[in-house]
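Here is the structure we will look at.
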Amino acid sequence: MGSLRSLAAGPWIYPVVATSILLDVFLPVLPSGFLVISAATAASAAIGAVGTAPSDVPSLLALLLTAASASLLGDFLAYRLALRGGHRLDRAIARSRRLTLARERLGTALARGGGLLVVLARFAPAGRSVVSLGAGAARRPPEQFLPWSALAAVIWASYSVGLGWLGGRWLGATWFGAGVSTLALLLAGGLAGYLLRRPGPAPAPAS
């Protein structure tokens with residue numbers, strides 16, 4: 001318990017979590033989800049043990065707000081970068097079948113108000129990167145992308161903090177508890193990736 005609690009102790013955990021989430025839109029290998037879950041696990045177990053939040057563990061609400069804000073900001077930066085990327089980025093996307101398909105599907109979904117694709121992609125491995133860059137490269141208007149990105153950020157942050165809270169209450173501030181909660185986050189990501197890879201409905205025949 002001490003080692004996990006010491007990891008999350010102190011105000012430094014907020015900038016570390018924010019930086020990791022902000023950058024993992026460009027570097028999806030960063031363990032941002034694990035950091036959020038570990039901090040929430042330590043806080044939940046400490047609160048459960050003493051009944052109030054000790055000063056050396058993060059606030060769950062502050063952790064949620066930090067994670068959601070950093071997620072939205074990272075999406076926005078990637079979107080703006082792709083929006084200004086011009087022909088060079090277009091050529092790079094054209095060389096990737098995955099990015100090309102994602103851009104086409106995203107453009108169609110956003111135009112039809114189906115921005116739940118953005119929410120699913122927030123959980124899928126590297127899906128956040130593909131969707132944020134794809135929205136910018138497809139020149140989608142901000143009002144079509146950013147509200148869904150904000151919703152995705154809040155849902156992802158709430159789910160991650162909630163998993164940490166449950167893990168801390170059920171299994172204590174242990175690496176095992178944080179690992180089980182992280183596994184649940186990875187399973188959700190696998191399900192989201194599966195749903196994103198499913199082919200969309202065939203277009204209706206012209207009358």
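Starting from 1, each residue takes its place in the sequence as its number.
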Hydrophobic clustering (ILVMFWY, side-chain heavy atoms < 4.5 Å, transitive) - are [Y] and [X] grouped together?
X	Y	result
Leu61	Ile21	no
Leu73	Val154	no
Leu146	Trp148	yes
Leu64	Leu185	yes

Item to complete: Please lay out, stage by stage, how Phe123 and Leu191 fare under the test side-chain contact (heavy atoms from CB on, under 4.5 Å).
Response: CA-CA 9 Å; Phe123 288 83; Leu191 176 60; over 6 Å; no
Over all heavy atoms of both residues, which pair between [X] and [Y] is shortest? Give the atoms and the distance, please.
X	Y	answer
Pro58	Tyr14	CA-OH, 3.3 Å
Ser181	Ile37	CB-CG2, 3.5 Å
Ala78	Leu133	O-CD2, 3.5 Å
Pro31	Ser20	C-OG, 4.0 Å
Ala157	Ala67	CB-CB, 3.8 Å
Val17	Val36	CG1-CG2, 3.7 Å

Worksheet item: Linking Ile, Leu, Val, Met, Phe, Trp and Tyr through side-chain heavy atoms less than 4.5 Å apart, which residues share a cluster with Leu186?
Response: none
Fill in: With sequence neighbours excluded, residues passing side chain to side chain contact (heavy atoms under 4.5 Å, CB included) with Pro28
Ala126, Ser129
Discussion item. Checking Ala18 now: which residues fulfil side chain to side chain contact (heavy atoms under 4.5 Å, CB included) with it, not counting sequence neighbours?
Written reply: Thr66, Ala70
Item to complete: Start with the C-alpha gap between Leu30 and Leu35, add the side-chain angles, then the distance that decides, and say whether side-chain contact (heavy atoms from CB on, under 4.5 Å) holds.
Response: CA-CA 10 Å; Leu30 292 177; Leu35 285 175; over 6 Å; no
Worksheet entry | Trace of the side-chain contact (heavy atoms from CB on, under 4.5 Å) decision for Trp170 with Val180 | CA-CA 11 Å; Trp170 292 346; Val180 169; over 6 Å; no
Discussion item. List the residues meeting ring-ring contact (aromatic ring centres under 6.0 Å, His included) with Phe76, not counting sequence neighbours, and say none if there are none.
Written reply: none
Spacing of [X] atom [atom1] and [Y] atom [atom2] [to the nearest 0.5 Å]:
X	Y	atom1	atom2	value
Ser32	Leu27	OG	CG	10.5 Å
Leu83	Ser132	CG	OG	12.5 Å
Leu72	Leu77	CG	CG	9.5 Å

Would you be so kind as to tabulate the donor-acceptor pairs closer than 3.5 Å made by side chains of residues 159-166, with sequence neighbours excluded?
unit_1	atom_1	unit_2	atom_2	d
Tyr159	OH	Ala184	O	3.4
Ser160	OG	Trp156	O	2.9

Discussion item. Looking at Phe145, is its backbone amide N or carbonyl O close enough to the side chain of Ser149 to form a donor-acceptor pair, meaning the two atoms are under 3.5 Å apart?
Written reply: no
Worksheet entry | Residue pairs passing the salt bridge (charged side-chain N to carboxylate O under 4.0 Å, His left out) test where at least one lies in residues 18-29, sequence neighbours excluded | Asp24-Arg128
